[in-house]
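Heavy atoms only: backbone and side chains are in, while hydrogens, waters and symmetry mates are out.
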Amino acid sequence: MVSVTSTGKTFVVGFTFLECERGDNFRWTLEVCRSVLKKQVDMPKAIVTDRDPTLMNVVAKVFPSSDALICRYHISCNVISKVKPVVGTKQAATEGGKAVKPGVIVDQMMDAWDRVANSSTKELNAYAVLQFRKICEKYPDLLKYIESTILDKVKEKFVCVWTDKVQHLGNTTTNRVESAHATLKNWLCSSKGDLCKAWDTINHMISNQHNEIQTSFGRSISVFEHRFKNNILYSQLIGNASRGGLNYIFHEVKRGETIGGDSAKRGCTIIITYGLPCACAIAKKVRFGKPVTMNEITHYWKRLTFDDDGCVEEDSNISIISELEAIQERFLKTDDNMKLYIKEQLQRIGFPETTDMKPPS
């Protein structure tokens, strides 16, 4: 089981040694996972699995408040595994009196399927399904299988129009799990070995992973990219939010230059799926020279440490009174040059719109 940090790093939630993949084993594993979460707010927003009915049922019972998604990649692999045998690979099909290679037909069918899976609205999805049916009309058994086992039953768990209503942070496949599994096998080197050896190896792997994540946190806090410096839009976020989140906002800025503040233009799903302001809202901020505030981004992007106090909660009682008193005390005791320096630094923080932190017109 894996998850992802605000800096885009995969981290291990837990490893489980199972006798077999049965429902009671899955349930025990997920209940142990849930027991280490301290409070309901820590429950995952979304859980992505492959299309294992037993696992899907257990996830729904143990994590009822989490949105259960199915790996879009595995769904596509299932579809193409049914398409290829039906279409064939050797005999050329005829279309409009012309010979068409089976490979071309497979590509056409999978392109149509991709449009079904990537539909951003129900209207586009309905149209894409009609087009897919038209391409598959010569293969009724194939179409019946795909509709009865996938589209009619689980489309809400992988088609964009429904998954875009879930805060999945870009995770719509189990690719991170597959990558973590490959990494683990590289560390273990062999499938032979006892539990103690596997335990020690996994511990070393997690320690290495921990160090990489700590480094990524440090870079988000202390290393600022040129495109974010001296820009009023990011003035409250740099050093306090993940660079990954800033990158998403940066791309929304570019998109906002195209659509402006017209919220009628579709596509602003980033508010729900990533918990970040969309291009429409950002375009208005750019026009009026206002920053994106910490309250406008979800808690996830503010977590830059493993500690419980790793980010500022909206309802926290954090105060800077003691720091201000110390600055005032030092200010009164120092010479005029240092007083000017301290004042200049405070002006940068308190009045960013009047300092060189605002880009030139």
Side-chain angles (χ1 to χ4, degrees), residues 1-2 4 10 21 26 46-57 59-60 67-166 168-185 269 273:
M1 296 178 289
V2 305
V4 58
T10 301
E21 295 183 354
F26 286 146
I47 298 176
V48 187
T49 66
D50 58 15
R51 193 163 170 262
D52 184 329
T54 303
L55 178 58
M56 291 164 59
N57 291 334
V59 167
D67 290 296
L69 305 181
I70 298 177
C71 175
R72 189 174 297 169
Y73 174 75
H74 279 87
I75 290 289
S76 294
C77 288
N78 184 21
V79 172
I80 197 170
S81 69
K82 301 298 180 181
V83 166
K84 283 185 175 181
V86 172
V87 175
T89 57
K90 295 181 180 179
Q91 298 296 325
T94 57
E95 185 174 305
K98 297 181 180 180
V100 181
K101 293 183 179 180
V104 175
I105 297 177
V106 171
D107 290 342
Q108 291 175 348
M109 294 174 74
M110 292 311 299
D111 286 342
W113 175 255
D114 288 341
R115 287 192 288 274
V116 171
N118 295 320
S119 304
S120 57
T121 66
K122 290 184 178 181
E123 292 78 11
L124 289 175
N125 179 254
Y127 178 75
V129 170
L130 288 175
Q131 293 299 109
F132 182 74
R133 286 173 177 166
K134 184 177 181 180
I135 293 177
C136 296
E137 60 186 0
K138 294 182 180 179
Y139 312 97
D141 291 339
L142 170 65
L143 182 60
K144 181 180 179 181
Y145 169 82
I146 293 176
E147 289 189 330
S148 62
T149 62
I150 300 177
L151 290 179
D152 293 344
K153 290 188 176 182
V154 296
K155 63 182 179 181
E156 292 87 357
K157 297 181 181 297
F158 74 93
V159 178
C160 285
V161 61
W162 288 281
T163 60
D164 283 349
K165 298 176 182 178
V166 177
H168 53 63
L169 303 170
N171 296 286
T172 56
T173 71
T174 56
N175 290 350
R176 288 187 181 275
V177 180
E178 304 293 346
S179 178
H181 187 207
T183 300
L184 174 61
K185 290 196 291 186
T269 60
T273 56

Atom of Pro85, atom of Ser81 and distance for their closest heavy-atom approach: CD-O, 3.0 Å
Rounded to the nearest 0.5 Å, how far does CH2 of Trp113 lie from CG of Asn118? 10.5 Å
Check whether any side-chain heavy atom of Asp50 sits under 4.5 Å from a side-chain heavy atom of Leu55, and report yes or no. yes
Got a sec, which residues hit side-chain contact (heavy atoms from CB on, under 4.5 Å) with Asn175, two or more places apart in sequence or on another chain? Tyr73, Thr173
Do Ile150 and Phe158 have side-chain heavy atoms sitting under 4.5 Å apart? yes
Partner residues of Arg72 under the side-chain hydrogen bond (donor to acceptor under 3.5 Å, both in side chains) criterion, sequence neighbours left out: Thr163
Separation between OG1 of Thr49 and CE of Met56, rounded to the nearest 0.5 Å: 6.0 Å
Calculate, to the nearest 0.5 Å, the distance between atoms CG and CD1 belonging to Leu143 and Ile135 respectively. 11.0 Å
With rounding to the nearest 0.5 Å, note down the distance linking CE in Met1 to CD1 in Ile47. 9.5 Å
Under the side-chain hydrogen bond (donor to acceptor under 3.5 Å, both in side chains) test, residues paired with Asp52 that sit two or more places apart: none
Do Val86 and Tyr145 touch side chain to side chain, with heavy atoms closer than 4.5 Å? no
Which is it for Thr149 and Arg51 under the side chain to side chain contact (heavy atoms under 4.5 Å, CB included) test, yes or no, and what are the steps along the way? CA-CA 11 Å; Thr149 62; Arg51 193 163 170 262; 3.9 Å; yes
Any side-chain heavy-atom pair of Ile105 and Lys138 under 4.5 Å: no
side-chain hydrogen bond (donor to acceptor under 3.5 Å, both in side chains) against Asn171, all qualifying residues, sequence neighbours excluded: Arg176
Does the pair Val166 and Thr273 meet the rule for a side chain to side chain contact (heavy atoms under 4.5 Å, CB included), with working shown? CA-CA 6 Å; Val166 177; Thr273 56; over 6 Å; no
Counting only heavy atoms not in Glu21, do more than 12 fall under 6.0 Å of its CD? no
Who passes side-chain hydrogen bond (donor to acceptor under 3.5 Å, both in side chains) against Ser119, sequence neighbours left out? none
Suppose we screen for side-chain contact (heavy atoms from CB on, under 4.5 Å). Which residues come up paired with Ala68, at least two apart in sequence or across chains? Val59, Lys157
How many angstroms lie between SG in Cys136 and CD in Gln108, if you round to the nearest 0.5 Å? 10.5 Å
By side-chain contact (heavy atoms from CB on, under 4.5 Å), Val106 pairs with (sequence neighbours left out) Ile80, Val83, Lys84, Val87, Met110
Backbone of His74 reached by a side-chain donor or acceptor of Asn78 within 3.5 Å: no
Contact list for residues 139-155, test salt bridge (Lys or Arg N to Asp or Glu O under 4.0 Å), sequence neighbours left out: Arg133-Glu147
Any side-chain heavy atom of Thr174 sitting closer than 4.5 Å to one from Glu178? yes
Between Thr10 and Thr183, does the side chain to side chain contact (heavy atoms under 4.5 Å, CB included) criterion hold? Intermediate values first, please. CA-CA 11 Å; Thr10 301; Thr183 300; over 6 Å; no
Would you give the length of the straight line joining atom CZ of Phe132 to atom CD1 of Ile146, rounded to the nearest 0.5 angstrom? 3.5 Å
Which residues pass the side-chain contact (heavy atoms from CB on, under 4.5 Å) test with Ser120, not counting sequence neighbours? Leu124
